[in-house]
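Since the structure comes first, as structure tokens, the remarks are kept for the end.
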Amino acid sequence: MQNSESFIPLNFKELSAAESEKRITEFYSQCTTRRSVREFSDKDVPQHIIESIIKTAGTAPSGAHKQPWHFCAVKNPAIKSKIREAAEQEEYENYHGRMSKEWLEDLKKFGTDHIKPFLEIAPWLIVVFKEVYEQSEGGKATNYYVNESVGIATGMLLNAINMAGLVSLTHTPSPMNFLAEILERPKNERAYLLIPVGYPAEGTTVPDIKRKSLEEIMTIH
Ligand code: IYR
């Protein structure tokens, strides 16, 4: 039985179908402009915008409402340099032996390699950590559906960045253990994604790729 004392009314306003359609069409139009960008401008982004973006990500649902995420927003150039250096070392190994032939072939159209200048050029690096368990003063507690929860929060983060008129890259310089070390994170946290955020460099180009059609991604039953 639910404990009604701890429940509050849902904040909900019903929209007309026309208003619904208008809003989601606008939202889709905005979302469809999101592209992974690898060439950043060094133009600054005010900290309060980064804070609002991270607050948005923090509205994601999570297993048992444990909110098993932490976001490090890095603007310090010395820390960004350390991250670049460590990321490039891992990526060198990835591109020179750790990734399969098929994988390297799949990446050809993106023109990527182990050199990652954007890690120093972008004004902000957001490092997403997942909390594999909860650590409080009282001890350890279980977190649930951690990858799902943090994946949803990260998706919301990426859309928030796009909504704020900024660009990002979902970067995975695996293994990413160096991020917890450099950022001195507690033992219960593992790096999940490294996301440079900022403005695109002037004249930035992106691969000419297509998204799957609605028919390809949806079945009505
Ligand atoms: N982490 C490497 C390789 C890489 C892997 C995938 I899957 C991509 O979609 C893109 C890159 C890098 O960032 O270069």
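No experiment lies behind these values; they were computed from the predicted model shown. When reading the values below, keep in mind they use all heavy atoms of this one structure, side chains included, and skip hydrogens, waters and symmetry mates. Numbering of ligands and ligand atoms starts at 1, following listing order.
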Notebook entry, point to check: Would you call the rings of His96 and His114 parallel, tilted or perpendicular if under 30° counts as parallel and over 60° as perpendicular?
Noted result: perpendicular
Item checked: Connected via hydrophobic side-chain network under 4.5 Å: Ile121 and Val74 -> yes
Note to self: Closer than 4.0 Å to some heavy atom of Lys116 - which atoms of ligand 1 meet that?
What the structure shows: 12 (C), 13 (O), 14 (O)
Check: Applying the side-chain hydrogen bond (donor to acceptor under 3.5 Å, both in side chains) test to Glu51, which of Lys55, His48, Gln47 qualifies?
Finding: Gln47
Next item on the list: Considering heavy atoms of the protein only, find what lies nearest to atom 10 (C) of ligand 1 and give residue, atom and distance to 0.1 Å.
Entry: Leu107 CD2, 3.6 Å
Next item on the list: For ligand 1, find out whether one of its N or O atoms is nearer than 3.5 Å to an N or O atom of Asn94.
Entry: no
Next item on the list: For the pair Phe40 and Phe118, name the ring-plane relationship: parallel under 30°, tilted 30 to 60°, perpendicular over 60°.
Entry: tilted
Check: Is there a donor-acceptor pair closer than 3.5 Å between any side-chain N or O of Trp124 and the backbone N or O of Val45?
Finding: yes
Check: Only one of Lys130, Glu131, Arg185 forms a side-chain hydrogen bond (donor to acceptor under 3.5 Å, both in side chains) with His70, so which one is it?
Finding: Arg185
Item checked: Interfacing atoms of ligand 1 (cut-off 4.0 Å, heavy-atom, Thr172) -> 1 (N)
Check: At under 4.0 Å between heavy atoms, which part of His114 makes contact with ligand 1: side chain, backbone, both or neither?
Finding: neither
Notebook entry, point to check: Honestly curious: do Leu169 and Val167 fall in one hydrophobic cluster under the side-chain, below-4.5 Å linking rule?
Noted result: yes
Note to self: Return the closest protein heavy atom for atom 7 (I) of ligand 1 as residue, atom name and distance.
What the structure shows: Trp103 NE1, 3.5 Å
Check: So is Arg38 close enough to ligand 1, meaning a heavy atom under 4.0 angstrom away?
Finding: yes
Check: Looking only at protein heavy atoms, which one is nearest to atom 3 (C) of ligand 1, and how far off is it?
Finding: Tyr95 OH, 3.4 Å
Notebook entry, point to check: Looking at atom 2 (C) of ligand 1, what's its closest protein heavy atom, distance included?
Noted result: Glu91 OE2, 3.0 Å
